[in-house]
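Everything below concerns the one structure shown next.
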Amino acid sequence: MYDANNIFARILRGEVPADKTYEDEHALAFRDIRPLAPEHILVIPKGAYIDMEDFTARASDAEITGLFRAVGETARRLGLTKGGYRILANSGADAHQEVPHLHIHIFAGRPLGPMLKREA
Ligand code: 5GP
């Protein structure tokens, strides 16, 4: 069940401040509070969705399109397309998702290295 008091729900309601970089009808983008790259943005749907499983099962086509368009728009507006960027969405326990409101990370601003650490 969706926790309406998770930190991103509170950011969406304006109860907690965020360094916003893009907003439209379906999505909000803001800087991660503990950045892992020179640019580290989180893009979230405005609807109450826990993770990618919940979102792809219940969201409308317009919400799904809107979230992904917001990712592209955020990258363009911040000038990330030239050097490139990485997107990542942790979904569920094995992925180590910490905040239970779907979010897509955008990382950019330096060479990001391999996608995941290889197991020995
Ligand atoms: P996850 O591990 O769930 O994929 O990522 C959660 C992300 O949310 C982390 O990178 C963390 O730094 C970020 N985060 C947690 N609390 C806040 C907050 O209050 N404000 C912002 N802007 N980011 C947060």
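Whatever order the structure lists them in is the order used to number ligands and atoms, beginning at 1. No experiment lies behind these values; they were computed from the predicted model shown.
- Looking only at distances, a side-chain donor or acceptor of His101 sits under 3.5 Å from a matching main-chain atom of Pro45.
- For atom 6 (C) of ligand 1, the closest heavy atom belonging to the protein is His103 NE2, 3.5 Å.
- Numbered from 1 in the order shown, with element, the atoms of ligand 1 that lie under 4.0 Å from a heavy atom of Glu98 read 1 (P), 2 (O), 3 (O).
- Close approach of ligand 1 to Gln97 is summarised as follows: ligand atoms under 4.0 Å from at least one heavy atom of the residue are 3 (O).
- Of all the heavy atoms of Arg31, the ones lying under 4.0 Å from any atom of ligand 1 belong exclusively to the backbone.
- Pairing each heavy atom of Leu36 with each of Arg110, the nearest pair is O-NH2, 2.9 Å.
- Summary of contacts: the protein heavy atom closest to atom 13 (C) of ligand 1 is Asp32 OD2, 3.3 Å.
- Under the 4.0 Å criterion applied to side-chain N and carboxylate O atoms, Glu63 and Lys46 are not assigned as salt-bridge partners.
- Heavy atoms of Ile33 found under 4.0 angstrom from ligand 1 belong to the backbone as well as the side chain.
- When heavy-atom distances to ligand 1 are checked against a 4.0 Å cut-off, His96 comes that close only through its backbone atoms N, CA, C and O.
- At least one donor-acceptor pair under 3.5 Å links the side chain of Ser91 to the backbone N or O of Met52.
- Using a 4.0 Å cutoff on heavy atoms, Ile7 counts as a contact of ligand 1.
- Atoms of ligand 1 found under 4.0 Å from any heavy atom of Phe8, numbered from 1 in the order shown, are 8 (O), 24 (C).
- Interatomic distance, NE2 of His40 versus CZ of Phe30, reported as 9.5 Å (0.5 Å rounding).
- Heavy-atom proximity to Asn90, at under 4.0 Å, picks out these atoms of ligand 1: 1 (P), 2 (O), 4 (O).
- Here the shortest heavy-atom pairing between Gly92 and Asp51 reads N-OD2, 4.4 Å.
- Per-residue contacts place Val99 under 4.0 angstrom from the following atoms of ligand 1 (heavy atoms of the residue considered): 3 (O), 6 (C).
- By the criterion of a heavy-atom distance under 4.0 Å, the side chain of Leu42, and not its backbone, is placed next to ligand 1.
- Under a 4.0 Å criterion applied to the non-hydrogen atoms of Arg34, ligand 1 contributes the atoms 12 (O).
- The pair Arg31-Glu39 meets the salt-bridge criterion, since a charged nitrogen lies less than 4.0 angstrom from a carboxylate oxygen.
- Nearest heavy atoms, Tyr2 versus Pro100: CE1-O, 3.7 Å.
- For Arg13 against Asn5, the heavy-atom pair with the smallest separation is NH2-OD1, 3.4 Å.
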